[in-house]
Amino acid sequence: MSDVESLLAESFRRGFEQVSRRPGRDQTALARQAGLPPELVAKALAGKAVLPLAQQAALAEAAGYHFEDLLSLGRSLIEGRAAAQPLEPSRAVADYLEQLLKVVSSFRLAEGEDELCQRVVRLLVQIFGFSRAILFLVRERRLAPAALYWPGGRADVLQKALTREVPPWTPDLAEYETLALGRSLPVTVGQTDLFGPAGSGLLGLDTEMALAPLFTEREFVGLLAADFGPQARTLNDADLALVETYAALAGALLNNQRLYAALQRKHHELDLRLRELMVVGEMTRVLNQALGPEQVAEDLLTLLVDSLGAHSGFLFLHDEEARQLRLLGGHGLDPDLAQAWAQVPSRDLEASLAALEGPEPSRQQAPELERLLTGLTPPAMIRGLRTRGKVMGLWGLGRRPGSPPLPSGEERVLATADEQMGVVLNSWRLRLLATTDFLTGLSTRARFGETLEKELRVAGYLGYPLSLIFLDADHFKRVNDRYGHPAGDAVLAGLADCLRQATRSSDTLARIGGEEFAVILPRCDQERGRELAERIRERVAAMRVEHRQQSLKITVSLGLATWSPGDTASPDELVERADQALYQAKHAGRNRVALYHPSQDTRTWGSLD
């Protein structure tokens with residue numbers, strides 16, 4: 001049996017004896033609890049048998065003595081010391097067994113490599129009486145000071161000096177061969193290059209220090225240096241043996257810590273991949289449900305908000321011709337913010353996205369976010385959606401102000417979300433082509449019918465009024481006949497712009513015929529509807545359309561019908577009412593607003609061409 005194995009066996013024997021002598025602790029019961037024959041345990045405690053490490057671990061666990069860390073180090077410690085010089089039997093080392101066990105037990109609280117290194121040097125001084133201790137780690141083939149403990153001394157100054165004068169770990173170093181072979185040695189500070197001129201001066205040129213190598217398994221990873229201070233006694237073999245044993249324990253602890261950290265990273269990566277697969281699968285399921293683009297956008301944003309720990313999400317369609325971003329879907333948005341984002345100017349969109357996009361969400365700072373979307377504050381993340389080099393939209397997530405940043409390392413989820421959001425926007429674009437009038441950009445008659453039915457159903461459910469305006473360009477045929485159809489198209493486009501300027505973002509505008517338009521006004525009673533209709537009429541009357549050096553003007557006639565809670569009219573009946581009111585306005589002389597009354601009968605009005 002090697003000296004190191006003997007040291008471990010002795011440590012368990014003495015520790016177990018201490019615990020078993022406590023009140024209420026019976027060796028026989030503890031042996032049975034560990035699943036071991038009591039007679040075998042008795043022989044091991046008497047030094048007549050040696051238990052394998054696994055049995056020692058079971059016995060220690062049954063006794064409640066915290067040897068788990070030392071047990072897990074046993075194999076790596078023995079293998080890591082295979083090339084090292086065997087320890088000389090020393091009574092002094094044996095006397096330090098209890099302190100060594102306390103040191104090992106304390107590392108149960110270590111939370112990382114930096115803290116572990118600090119504990120190594122601090123406990124070497126506090127428990128074993130050294131004045132100073134320094135731990136070097138090999139980094140980029142240089143011995144960098146990882147931890148230093150010098151109570152009452154100029155530790156911060158020495159740390160800076162050693163950091164500036166990091167020695168190379170090469171065969172040119174005088175101590176290289178001895179340390180690489182796993183042997184400890186004493187050095188005089190002034191006769192080695194390990195500490196540099198400034199560091200040597202602070203330590204004392206005549207100071208004798210013990211150096212011991214640090215191994216993780218069979219790899220040299222650093223060294224441990226300790227001394228009793230200037231003008232102290234000379235180091236003896238027992239001191240060197242103690243530092244060497246302590247360094248071996250520290251190296252094994254460091255190895256375990258690195259293995260544990262690597263395992264944690266791998267576990268995190270696997271957990272991340274599993275979550276990615278689940279999120280990607282769920283996004284695919286949402287996309288395949290054959291829902292409308294608005295519902296798909298809502299479901300995808302809900303999924304991403306929940307999966308990435310955000311509080312809100314949004315998806316915008318970019319209207320390149322209008323230079324606007326249109327809010328297609330949102331989740332968790334403040335109602336006022338959602339209304340403000342219904343249509344957002346998209347000037348300098350490429351420049352804004354270039355400043356915001358990147359792998360690190362921390363790049364997305366308040367000025368850039370506010371410049372793109374007023375009211376959006378960090379932490380947030382925005383992703384541009386492109387096709388053929390052009391921005392077709394964007395989506396993003398946000399958290400409440402003061403929250404931690406959104407997680408990084410989610411590139412696969414984000415890339416898949418980009419693809420799925422792109423599919424949603426393409427579906428929306430196709431739908432717009434089918435439901436948007438090419439000339440005016442307003443809804444088509446088919447889309448108008450769908451929207452009116454939906455808005456009337458909502459109004460009935462929530463109990464608020466809804467108004468409907470029909471308007472027709474007066475004598476529009478004369479414009480076409482006199483100036484040509486291109487001029488007529490320009491007038492209709494100008495009329496559509498007037499409607500946009502005069503109405504609310506919640507209103508629906510539609511071109512339902514050649515020169516006939518409709519406006520759906522949710523939450524609007526007859527009086528407010530009449531005021532809005534008058535505003536439209538006045539804006540159109542003041543409009544001038546320049547076409548081929550011609551200034552064109554036109555007027556409109558408007559009919560208003562209002563649905564109130566309790567009304568039983570269907571969407572078709574409400575359309576018929578607005579149509580009757582429009583004809584009343586035409587019959588009364590055009591360029592005016594008429595309200596629907598039940599007594600109206602358009603059959604007696606005759607032709608109003």
Side-chain angles (χ1 to χ4, degrees), residues 265 268-269 271-273 275-276 278-280 282-283 286 294 296-320 323-386 390-422 424-425 505:
R265 288 193 298 271
H268 176 71
E269 291 173 3
D271 183 65
L272 185 61
R273 295 289 87 78
R275 193 159 61 85
E276 284 178 353
M278 294 176 63
V279 174
V280 169
E282 188 63 18
M283 283 194 289
V286 169
E294 296 96 337
V296 172
E298 169 69 19
D299 291 349
L300 286 177
L301 289 170
T302 301
L303 175 63
L304 289 165
V305 165
D306 293 341
S307 301
L308 300 181
H311 298 129
S312 61
F314 45 86
L315 173 63
F316 284 92
L317 174 71
H318 180 217
D319 186 337
E320 189 175 6
R323 293 187 178 182
Q324 285 183 337
L325 290 169
R326 299 182 183 179
L327 185 64
L328 176 58
H331 176 80
L333 294 177
D334 179 85
D336 293 336
L337 191 62
Q339 184 173 357
W341 284 0
Q343 293 181 346
V344 179
S346 61
R347 294 183 297 273
D348 300 324
L349 180 59
E350 285 284 7
S352 298
L353 287 176
L356 290 169
E357 288 180 314
E360 295 298 329
S362 60
R363 290 186 57 195
Q364 309 205 352
Q365 301 299 323
E368 289 81 5
L369 293 170
E370 181 71 19
R371 190 176 299 116
L372 181 60
L373 293 172
T374 302
L376 181 62
T377 58
M381 174 189 67
I382 286 180
R383 308 271 296 188
L385 302 173
R386 294 172 174 83
K390 293 185 178 181
V391 178
M392 63 175 179
L394 61 87
W395 72 277
L397 302 173
R399 282 182 171 176
R400 298 185 186 95
S403 301
L406 288 157
S408 57
E410 303 279 1
E411 281 305 309
R412 184 176 176 185
V413 170
L414 296 177
T416 303
D418 290 344
E419 295 176 2
Q420 309 288 43
M421 294 296 184
V424 172
L425 287 187
S505 60

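Here the structure is a predicted model, which means the values were calculated and not measured.
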Report task. Test side chain to side chain contact (heavy atoms under 4.5 Å, CB included) on Leu373 and Phe316 and set out the steps. Result -> CA-CA 11 Å; Leu373 293 172; Phe316 284 92; 3.8 Å; yes
Query - Chi angles and distances behind the side chain to side chain contact (heavy atoms under 4.5 Å, CB included) call for Met421, Leu301 - result: CA-CA 9 Å; Met421 294 296 184; Leu301 289 170; 3.6 Å; yes
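Residues Asp336 and Asp334 approach most closely at N-OD2, 3.0 Å, considering heavy atoms. Closest approach of Pro379 and Ser403 over heavy atoms only: CG-O, 3.4 Å. Smallest separation of non-hydrogen atoms from Pro401 and Thr377: CG-OG1, 3.6 Å.
You'll find the side chain of Gln420 stays beyond 4.5 Å of the side chain of Leu303, heavy atoms only. Between Val344 and Thr374, every side-chain heavy-atom pair lies at or beyond the 4.5 Å cut-off. Side-chain contact between Leu397 and Arg383 is absent, with no heavy-atom pair separated by less than 4.5 Å. The side-chain heavy atoms of Leu394 and Leu372, taken from C-beta on, include a pair separated by under 4.5 Å. Using a 4.5 Å cut-off on side-chain heavy atoms (C-beta onward), Leu414 and Leu308 make contact.
Distance check: Arg326 CZ to Ser346 OG gives 10.5 Å after rounding to the nearest 0.5 Å. In this structure, Met381 CE and Leu304 CG are separated by 7.5 Å, a value rounded to the nearest 0.5 Å. Rounding to the nearest 0.5 Å places CG of Leu325 at 9.5 Å from CG of Asp319.
When atom types are taken as modelled, the side chain of His318 and the backbone of Val391 share a donor-acceptor pair closer than 3.5 angstrom. Side-chain atoms of Arg399 come within 3.5 Å of backbone N or O of Gly309 as a donor-acceptor pair.
When the shell of 6.0 Å around CD of Gln339 is examined, it contains 12 or fewer heavy atoms from other residues, nucleotides or ligands.
Residue Phe314 forms a side chain to side chain contact (heavy atoms under 4.5 Å, CB included) with just one option from Leu328, Ile382, Leu337, and that option is Ile382.
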